[in-house]
Structure formats: structure tokens, C-alpha cells
2 protein chains.
Amino acid sequence: MPQKRILPYIILELLQERPLTGKEITAQFQNEIGEFWKASHSQIYPELMRMQHDNWLKITENDSDGRKKHYQITVTGEQVLSNWIKEPVTELPLNRDLFSLKLFFVTKSDSKVIEKLFNDQIALISAQLEHLKARKKLLFADKAPIEQHFGHYLLLNRAIARQEGQLNWLKETLAQLS
Amino acid sequence: MPQKRILPYIILELLQERPLTGKEITAQFQNEIGEFWKASHSQIYPELMRMQHDNWLKITENDSDGRKKHYQITVTGEQVLSNWIKEPVTELPLNRDLFSLKLFFVTKSDSKVIEKLFNDQIALISAQLEHLKARKKLLFADKAPIEQHFGHYLLLNRAIARQEGQLNWLKETLAQLS
DNA sequence: CGAATCATGTAAAGAGTTACATGATTGG
DNA sequence: CCAATCATGTAACTCTTTACATGATTCG
């Protein structure tokens with residue numbers, strides 16, 4: 001087992017609200033979910049076929065559009081999902097990021113390198129932070145998150161808090177170094 | 001290109017200090033580096049052969065121990081590494097973590113589920129935080145980080161700051177929810 | 001009608017994991 | 001000397017990404 005399968009469960013989650021086509025599922029991974037999980041259509045279509053084969057989902061009948069395939073979660077699929085959700089999360093994710101890597105190998109004398117490394121990272125995170133804040137404003141401006149989007153709201157807040165923490169640490173540490 | 005090659009550059013970094021055997025390199029990934037990058041020996045040995053073939057490193061001569069192979073970075077390897085280090089980090093890492101995933105799909109009515117999700121994560125991060133702090137104490141108690149370990153010191157601080165931020169957010173948010 | 005694109009799919013390759021294998025060496 | 005382990009290596013498999021392919025549909 002190289003990695004525990006996650007993708008099919010994400011798809012099941014998405015289908016809980018309503019039936020979707022492969023295209024629509026793919027789009028989700030480029031928008032909301034893309035923040036923390038990526039999957040391309042070349043991964044999704046085979047996965048859908050496999051899930052259909054395992055009877056986790058089926059193609060909805062009476063579909064007006066000929067080529068689009070609307071996938072719908074089955075009772076089996078709902079059970080599978082329900083069991084998966086109950087499994088506790090027992091390990092922290094491994095953060096394979098280049099900044100950590102370069103930071104690790106930096107030596108104290110590389111002050112120029114360190115400075116650039118920090119400034120680049122600050123720029124990156126600032127941009128990301130702006131993006132996240134803009135999205136929060138767009139999606140949840142004033143109004144409280146409605147039922148379905150509550151998790152999304154929590155996640156956005158968490159991402160923002162994390163990036164702000166990062167940014168502060170970067171700025172403080174950079175200031176101390178110089 | 002499925003993913004940009006990182007592993008060989010990490011190995012080059014490790015070899016900059018002194019020649020190492022495959023076993024020793026593997027050990028590094030289970031200790032210091034393991035915090036943010038993993039690699040098993042079955043990945044490392046073929047990589048070493050490949051790098052040797054590309055002349056990024058060579059086996060040191062006059063080795064007393066017969067079976068151990070001490071790999072040494074070559075001039076070519078140093079150039080390759082130097083170029084790689086100069087490349088700016090242009091993208092943030094994708095955080096594929098299950099907690100985010102489950103958080104995203106949670107609905108407001110699942111108060112029991114949310115609570116458990118948060119408490120599990122708080123326990124996980126607390127444990128990790130203790131571990132990190134213990135290591136910092138062990139490695140850098142009182143004494144300032146020496147030249148070679150400066151990056152390691154920075155990285156540990158960053159990891160601790162990140163986990164503390166996480167933990168605070170989790171606790172605050174959990175309190176607000178109930 | 002012809003070109004662009006839509007929706008779906010297939011192919012090829014690299015990265016990473018787990019499990020298996022092997023010859024040398026050490027220790028009781 | 002024999003068993004454990006050390007150090008290295010191989011195999012099989014899954015995940016993920018990039019690139020290529022194809023038939024249907026829309027639009028000027």
C-alpha cells in the first residue's frame with residue numbers, strides 16, 4: 001500500500017449533495033478543494049469507472065444530454081463513506097515543501113541567501129493570504145455560512161490563520177537575523 | 001514530469017559536509033530531515049547509482065570496510081547543487097491532509113463529529129509539539145546553534161511556531177463552537 | 001460547414017511505499 | 001559455527017502528473 005486511498009472518498013462526499021458529471025467533479029478540484037487536494041480529470045475518470053464497478057455509484061437515468069454522464073452515489077457508497085468518516089485521523093501530514101528544505105540546509109554565513117529565501121517566501125505567502133481573504137469575503141461577506149458551507153468556512157479560516165502565523169514568524173525571524 | 005526531482009539535491013546537500021554511505025543517508029531521513037521529507041533506502045540506493053552514473057558523485061577510494069560504499073560529491077555535483085539552490089521557490093506546497101478534508105465536508109449539525117475531529121487533532125498536534133520542543137532542548141539547550149546546524153535550528157523554530165499556531169486556532173474555534 | 005471547445009477517455013513516465021532478497025559480518 | 005543483523009539491492013504496486021486522443025456539439 002503506497003498510500004491510503006483518499007480520492008474516491010472525496011468524490012463520494014461531493015456526490016452526497018447531488019449527482020455530478022466527471023467534468024463538474026474535476027472543476028471542484030480546481031476551485032474549493034484545490035486548496036488542499038488536487039486531482040486531474042485523467043485521475044478522476046478512471047476512478048469513477050472503478051467506483052461504478054464496485055457499485056459505490058451509478059449513472060443517473062433519464063439524462064437529457066447524451067454525452068454527459070451524471071454520477072449518483074448509491075446506498076453502498078453512502079455506507080462506505082459513512083464508515084470512512086468515522087475512521088479517526090491518526091497521523092499528521094508530511095509537509096514536503098521546498099522552503100523547509102532550503103531553510104534546513106542554509107548556513108549562518110549565507111546571509112544573502114537567507115534574506116532572499118525569506119523575502120521570496122514572504123511574498124508568496126502574502127499573495128496566497130490576499131487570495132484567501134478575498135475568497136472569504138466573496139463567499140461569506142457578512143452573511144453567516146449556511147449549513148452546507150460550514151466546513152468550507154472553517155477551512156478558510158484555518159488556512160488564513162495558518163498563513164498569517166507563518167507570515168509573522170517569517171517577518172520576526174528575518175528582523176532578528178539582520 | 002510528474003514531479004520535480006528533489007531527492008538527489010537533498011542527497012547532494014548531505015554529502016557536502018562529508019562522504020556518507022547509503023545507510024547513513026537513509027538514517028538522516030529518519031531523523032532530522034524526516035520531519036519534512038521522507039525517503040526509504042529502496043529509493044535512496046537506486047538514486048545513488050543514478051547520480052553516480054551522471055557523475056554527480058563517486059565512491060571514495062581507500063575504504064577500509066569492504067561492503068560499505070562511501071559516496072562523495074564531485075565537482076559536477078557541487079555545480080548542480082549550487083544551481084539548484086539559486087532557483088527560487090515559486091510555489092507553495094500543497095497540503096494534502098486528512099484533517100482539512102474532513103473539516104471541509106463537515107456540516108454544522110454534526111456537532112459531535114466536529115468535536116471529535118477537533119479533539120483528535122488537538123491531541124495529535126500537542127504530541128507533535130512536545131516532541132519538537134524536546135528535540136530543540138536536546139539539540140540546542142542553552143548553547144547557540146553552531147554554524148552547521150543553524151538551518152536546523154531555524155526549521156525547528158518554524159515547526160514549533162506553526163504547530164503552536166495550529167493548536168491555538170483549534171482550541172479557540174472549538175470553544176466558539178460549543 | 002468548418003473550427004473551436006466540450007466531455008470523456010488513454011498512455012507513458014516518475015515518485016514513493018511495502019515487501020522480498022542476498023551476501024557479508026558480528027556475537028554468543 | 002550458527003543466528004542475527006547489517007548494508008545493499010530488487011520487485012511489485014499505487015498515486016500523480018503531463019501529454020495525447022476522440023467523438024460530440026456549438027457557434028460564427
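From a predicted model like this one, the values you see are computed outputs, not experimental measurements. Chain naming here is simple, since letters A, B, ... match the order of the sequence lines and numbering starts at 1 in each.
In this structure, B:Ser40 and B:Arg50 both approach DNA chain C, and ranking their closest nucleotides by distance from the 5' end singles out B:Arg50. Each of B:Glu24 and A:Ile6 was assigned the nucleotide of DNA chain D with the nearest heavy atom; the assignment lying further toward the 5' end belongs to B:Glu24.
Across all strands, A:Thr26 comes closer than 4.0 Å to no nucleic acid atom at all (heavy-atom distances).
If you check D:dT14, D:dT8, C:dA15 against the side chain of B:Arg5, the one that comes closest is C:dA15. Listed nucleotides: C:dG9, C:dT17, D:dC15. Nearest to the side chain of A:His41: C:dG9. The side chain of A:Pro46 approaches C:dT10 more closely than any other nucleotide in the set C:dG9, D:dA7, C:dT10. When distances run from any side-chain atom of B:Arg96 to the nucleotides D:dT16, C:dA15, C:dT8, the shortest one goes to D:dT16.
A side-chain donor from one of A:Gln128 and A:Glu35 sits under 3.5 Å from a side-chain acceptor of the other.
In this structure, A:Glu47 places its CD atom 13 Å from P of C:dG9, rounding to the nearest Å. Distance, A:Ile11 CD1 to C:dT8 C1': 14 Å, rounded to whole Å. The distance between atom NZ of A:Lys23 and atom C1' of C:dC6, rounded to the nearest whole Å, is 6 Å. If you measure from atom CD1 of A:Ile59 to atom C1' of C:dG9, you get 13 Å, rounded to the nearest angstrom. Atom-to-atom, NZ of A:Lys69 to C1' of C:dC6 comes out at 15 Å; the value is rounded to the nearest Å. Summarising the geometry, the separation between NZ on B:Lys68 and C1' on C:dT26 is reported as 12 Å, rounded to the nearest angstrom. In this structure, B:Met49 places its CE atom 17 Å from P of D:dA7, rounding to the nearest Å. Rounded to whole angstrom, the span from the CD atom of A:Gln30 across to the C1' atom of C:dC6 amounts to 14 Å.
Side-chain atoms of B:Ser42 and base atoms of C:dT18 include a donor and an acceptor less than 3.5 Å apart.
Taking a cutoff of 4.0 Å between a charged side-chain nitrogen and a carboxylate oxygen, B:Lys133 and B:Glu164 qualify as a salt bridge.
Applying the 4.0 Å criterion to OP1 and OP2 of D:dC15, one finds that A:Gln43 has every side-chain N and O outside that range.
Hydrophobic clustering keeps B:Leu12 apart from B:Met49 (ILVMFWY residues linked when any side-chain heavy atoms are closer than 4.5 Å, directly or through intermediates). Cluster membership check: B:Leu177 shares its hydrophobic cluster with B:Leu167, using side-chain heavy-atom separations under 4.5 Å among Ile, Leu, Val, Met, Phe, Trp and Tyr.
Ring orientation note: the planes of A:His152 and A:Phe140 are nearly perpendicular, at an angle over 60° on the 30°/60° scale.
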